[in-house]
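The structure under discussion appears below in the form of structure tokens.
Naming: A, B, ... by sequence-line order, numbering from 1 per chain.
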Amino acid sequence: MFQRSLRVFVAALLLGLTAARFAAAADAPAAAPAAASAPADGLDSRIQDVKGDVIRLNRDLLVLEEELLFPANTQVALFVSMDVGKLFELDSVQVKLDDKVVTTYLYTPAEVKALHRGGVQRVYIGNLKAGEHTLVAFFTGGGPHERDYKRGATLKFDKGTDPKYIELQIKDSTGKLQPEFDVKVW
Amino acid sequence: MPLRTTFRNAARLAGAALAASAIAAGPAVAADPVNSHPLKDPHYGDVLFHFYQEHYFTSITRLMVSQHFKRVDHHVDEAELLRGGMLLSYGLHREAGDIFAGLIEKGAEPPVRDRAWFFLAKIRYQRGFLAAAEDALGRIENHLPPELENERVLLKASLLMARADYAAAAAVLKGVTGKTGAGPYARYNLGVALIKNGDIAGGFAFLDALGTAATPAVVVGQENPATEEFRSLRDQANVALGFTALQYNNPSAARIYLERVRLDGMHSNKALLGFGWAAAALKQPDQALAPWTELAQRDPSDSAVLEARIAVPYAYAELKAFGPALDGYNEAIAAFERERVGLDESIAAIRAGKLVDGLLERNPGEEMGWFWNIRELPDMPHVGHLAPVLAQHQFQEAFKNLRDLRFLSKNLAQWQDNIGVFSDMLANRRQAFAERLPDIRKRAGAGASGLGALKQQADALATDVARVEADADAAALADARQRDMLARLARARATLATMGDTPEADAARARYRLVSGALTWQLAQEFAQRLWDAKKSLQTIRAALADAVRSDAALAQAQHDEPLRFDAFAARIAELDPRIKALIPRVAALGQEQQQAVQELAVAELERQKERLAAYTVQARFAVAQLYDHAAQKETGHAPKP
């Protein structure tokens with residue numbers, strides 16, 4: 001009698017395993033169609049709709065905010081990028097525009113990693129009137145041989161009536177075995 | 001801390017369950033963006049900067065803003081693909097589908113197109129459109145990156161298995177498993193597909209190879225999540241082998257497979273239970289006692305543990321130790337009852353909102369995100385019951401939705417404040433323009449320093465310079481010292497005119513002529529340079545005046561245009577403000593509904609636990625009755641009937 005109940009039990013257990021989280025034995029992939037054929041839930045669908053609406057609203061609000069606060073004819077945006085960056089461990093960046101500190105940014109490891117992967121950080125957005133301006137950026141961090149490293153890069157640029165995008169680039173100079181800091185005007 | 005340990009187990013369980021069915025039911029994960037080097041638009045880099053940090057909400061909204069301003073035009077298709085992937089991750093299937101379809105329709109580059117087809121296939125699969133998903137998969141050429149290519153094969157196999165074509169699924173998976181570095185999931189799925197297809201020996205061979213495979217090398221100093229994931233999958237393969245062997249009446253083999261499962265892994269409970277059943281099937285109840293006794297002491301939220309509580313007295317009964325068997329059953333019944341009461345309390349706490357509040361409080365996060373996971377259990381009674389609840393993919397997804405809604409609620413509240421600030425800012429600018437600009441223009445146009453007067457002065461100066469040039473009037477361009485000398489010479493000339501013809505007067509006249517001649521010569525020498533300087537200064541004055549006139553014209557234009565611009569901004573604010581206001585209650589209402597749904601999911605799981613308890617209680621009571629019958633029959637001298 002127990003043999004029979006054991007067989008039933010084992011079979012039931014197998015069935016249980018297959019249906020549940022386990023995806024055991026002969027049934028891991030069998031969980032797939034269950035997920036695939038799950039009908040669209042009304043609530044879920046409404047939630048997706050509202051998420052889409054809020055994302056679009058955010059886009060429109062951010063566009064408004066930018067046009068209101070940083071109109072194209074005065075807008076200046078500064079970016080930080082890192083090409084390879086093995087010779088320099090970035091800690092912080094300080095930027096002066098016309099001798100005035102406009103931003104000082106301290107980096108988290110996640111941000112440095114994002115820069116290494118090819119991300120470009122918009123570190124500052126502001127307004128400048130048309131004419132000649134001077135930008136000075138200081139990069140601090142760890143240089144070759146784990147020494148503290150601080151370097152600056154300077155740029156004189158003309159601001160016209162179009163938005164100005166300036167990229168502060170951190171590069172590796174393999175020839176000199178030193179990091180290089182460059183400024184690119186887009 | 002046992003609770004933490006239990007939960008870590010549960011979290012691992014959830015992780016593995018997700019991973020095991022990543023192709024099948026996992027969240028749509030956008031792979032790394034198409035290689036965007038060299039970067040041609042810094043704003044696209046900014047989008048990637050947030051994307052790489054998993055700040056997807058910021059990334060997607062910034063991307064959409066940059067698309068609006070046409071700042072990512074050099075990365076149009078990649079940006080769209082990325083946007084589609086991120087929308088998909090938020091469950092916006094329709095929009096994501098439209099984006100991918102749009103990319104295909106416009107004939108994007110092959111790497112983009114292949115990814116678009118792949119994601120479309122995934123969406124269709126998740127929505128249950130299996131034929132359409134297969135069609136999309138079939139259109140992929142050979143431009144997928146390796147990680148997506150592996151996923152493509154697994155998806156293809158899942159689709160084939162979904163329509164029970166296990167032979168074809170096995171063939172597809174064999175193609176992958178033959179390659180170097182083929183994923184263990186592919187090998188696992190292949191083993192399963194073969195068994196399903198009736199090739200038991202073939203399936204067992206694949207699962208057995210996985211079940212005995214060595215763990216990948218650990219990289220020192222790095223996180224190695226893949227190592228634990230691999231071990232877990234290996235355990236899963238061994239449990240699968242063990243239970244399949246039991247199913248095919250091969251308990252000896254089952255024991256070998258189940259013995260390989262780690263005692264502290266998330267599959268250990270099932271393995272212990274199965275090992276006991278294998279021993280029982282081999283008529284070795286004493287061998288079953290050890291794993292079952294160990295299992296019976298574990299967290300009772302796992303059904304295997306509950307089963308072990310009645311399996312232990314069953315083994316005693318098999319060993320003819322009826323006293324301990326009876327005690328064991330009675331203890332199990334009492335434990336089940338305590339557990340039932342605890343479950344009722346948990347259900348009440350969940351319905352009172354403690355679960356959701358506690359989870360949100362203990363698991364804060366920055367943004368909406370599809371990689372977000374519950375890490376800390378809330379502080380509530382009988383929290384151990386919740387581990388299996390939280391391990392459910394469905395619960396995790398539902399809770400993520402709830403968390404997303406809470407995030408959106410905060411986001412909207414913040415915009416509600418900001419839009420008010422924008423309104424005030426606009427009003428201030430409008431007022432400043434209205435008050436200050438006319439005043440500035442009035443002052444610029446009036447008085448001795450006004451633009452009109454300055455123009456007149458400039459004209460007069462120009463006339464003077466023209467006359468000086470025409471008359472070659474060098475004295476007119478004399479400097480201060482020379483002017484002083486000219487004045488002194490004039491005074492001397494007047495004095496000399498009154499003097500007689502004395503020798504002193506003659507000498508003085510001679511000196512006067514000499515000095516006067518020298519000065520005239522000096523002025524003549526410097527005249528050309530001074531005239532050029534004067535003309536240059538005049539040009540500068542005219543240029544400055546022209547600038548001033550242009551500025552005045554610009555101010556006049558601004559006086560006309562700015563109010564219109566302000567009106568346009570005001571109109572946009574007036575359009576956006578009600579959108580925020582309309583969304584706030586919508587999100588709040590959906591949040592409440594979703595909270596209810598999340599709670600009901602949790603309650604349903606606990607109700608299932610209660611049902612299991614009830615079933616085990618019935619089994620235990622039945623066994624107790626059988627034992628009493630047995631004892632009664634023994635007392636009366638009748639042998640029990642088999």
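- Only the side chain of B:A597 comes within contact range of chain A, with heavy atoms under 4.5 Å apart.
- Heavy atoms of B:I580 lying under 4.5 Å from chain A belong to its backbone as well as its side chain.
- With a 4.5 angstrom heavy-atom cutoff, B:L63 does not touch chain A via any of its atoms.
- With sequence neighbours left out, the ring-ring contact (aromatic ring centres under 6.0 Å, His included) criterion links A:Y105 to A:Y107.
- Using a cut-off of 4.0 Å between Lys/Arg side-chain N and Asp/Glu carboxylate O, A:D53 and B:R579 are scored as not salt-bridged.
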Subject >> salt bridge (charged side-chain N to carboxylate O under 4.0 Å, His left out) between A:R56 and B:E95, worked out >> reply: CA-CA 12 Å; A:R56 277 185 292 276; B:E95 277 196 62; 2.5 Å; yes
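- In this structure, B:L402 CG and A:I47 CD1 are separated by 8.0 Å, a value rounded to the nearest 0.5 Å.
- For the pair A:Q121/B:D46, no side-chain contact is recorded, criterion being any heavy-atom separation below 4.5 Å from C-beta on.
- Taking the centre of each ring, A:F79 and B:H43 come in below the 6.0 Å mark.
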Subject >> salt bridge (charged side-chain N to carboxylate O under 4.0 Å, His left out) between A:E66 and B:R71, worked out >> reply: CA-CA 13 Å; A:E66 187 171 321; B:R71 296 190 295 220; 2.5 Å; yes
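- Inter-residue side-chain proximity for B:R62 and A:R122 is flagged as met; some heavy-atom pair is nearer than 4.5 Å.
- Put simply, the side chain of A:V50 reaches to within 4.5 Å of the side chain of B:L583, judged on heavy atoms.
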**OP:** Might you work through the side-chain contact (heavy atoms from CB on, under 4.5 Å) test for B:F57 and A:K51, ending with a clear yes or no?
**Re:** CA-CA 10 Å; B:F57 191 82; A:K51 280 184 186 175; over 6 Å; no
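- Residue B:T61 forms a side-chain contact (heavy atoms from CB on, under 4.5 Å) with just one option from A:N58, A:L57, A:L61, and that option is A:N58.
- Residue B:L92 touches chain A through both its backbone and its side chain, counting heavy-atom pairs closer than 4.5 Å.
- Counting heavy atoms from C-beta on, the side chains of B:E593 and A:R46 come closer than 4.5 Å.
- Using a 4.5 Å cut-off between heavy atoms, B:L159 makes no contact with chain A at all.
- Taking the side chain as every heavy atom from C-beta outward, B:V47 and A:V120 never approach each other to under 4.5 Å.
- Contact tally against chain B (heavy-atom pairs below 4.5 Å) for A:L62, A:V80, A:V54, A:L68: the top residue is A:L68.
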**OP:** Would you please test A:D60 and B:R572 for salt bridge (charged side-chain N to carboxylate O under 4.0 Å, His left out) and show each step?
**Re:** CA-CA 9 Å; A:D60 294 345; B:R572 282 164 69 184; over 6 Å; no
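- Taking the side chain as every heavy atom from C-beta outward, A:Q48 and B:N401 approach each other to under 4.5 Å.
- Side-chain contact, A:W186 with B:D41: no donor N or O sits under 3.5 Å from an acceptor N or O.
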Subject >> From CA spacing to verdict: salt bridge (charged side-chain N to carboxylate O under 4.0 Å, His left out), A:D49, B:R94 >> reply: CA-CA 9 Å; A:D49 286 346; B:R94 281 193 303 274; 2.4 Å; yes
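- Looking at B:L576, the atoms closer than 4.5 Å to chain A (heavy atoms on both sides) sit in the backbone and in the side chain alike.
- Inter-residue side-chain proximity for A:P71 and B:R565 is flagged as met; some heavy-atom pair is nearer than 4.5 Å.
- No side-chain heavy atom of B:Y52 sits less than 4.5 Å from a side-chain heavy atom of A:E111.
- When heavy atoms are compared at a cutoff of 4.5 Å, A:P109 does not approach chain B at all.
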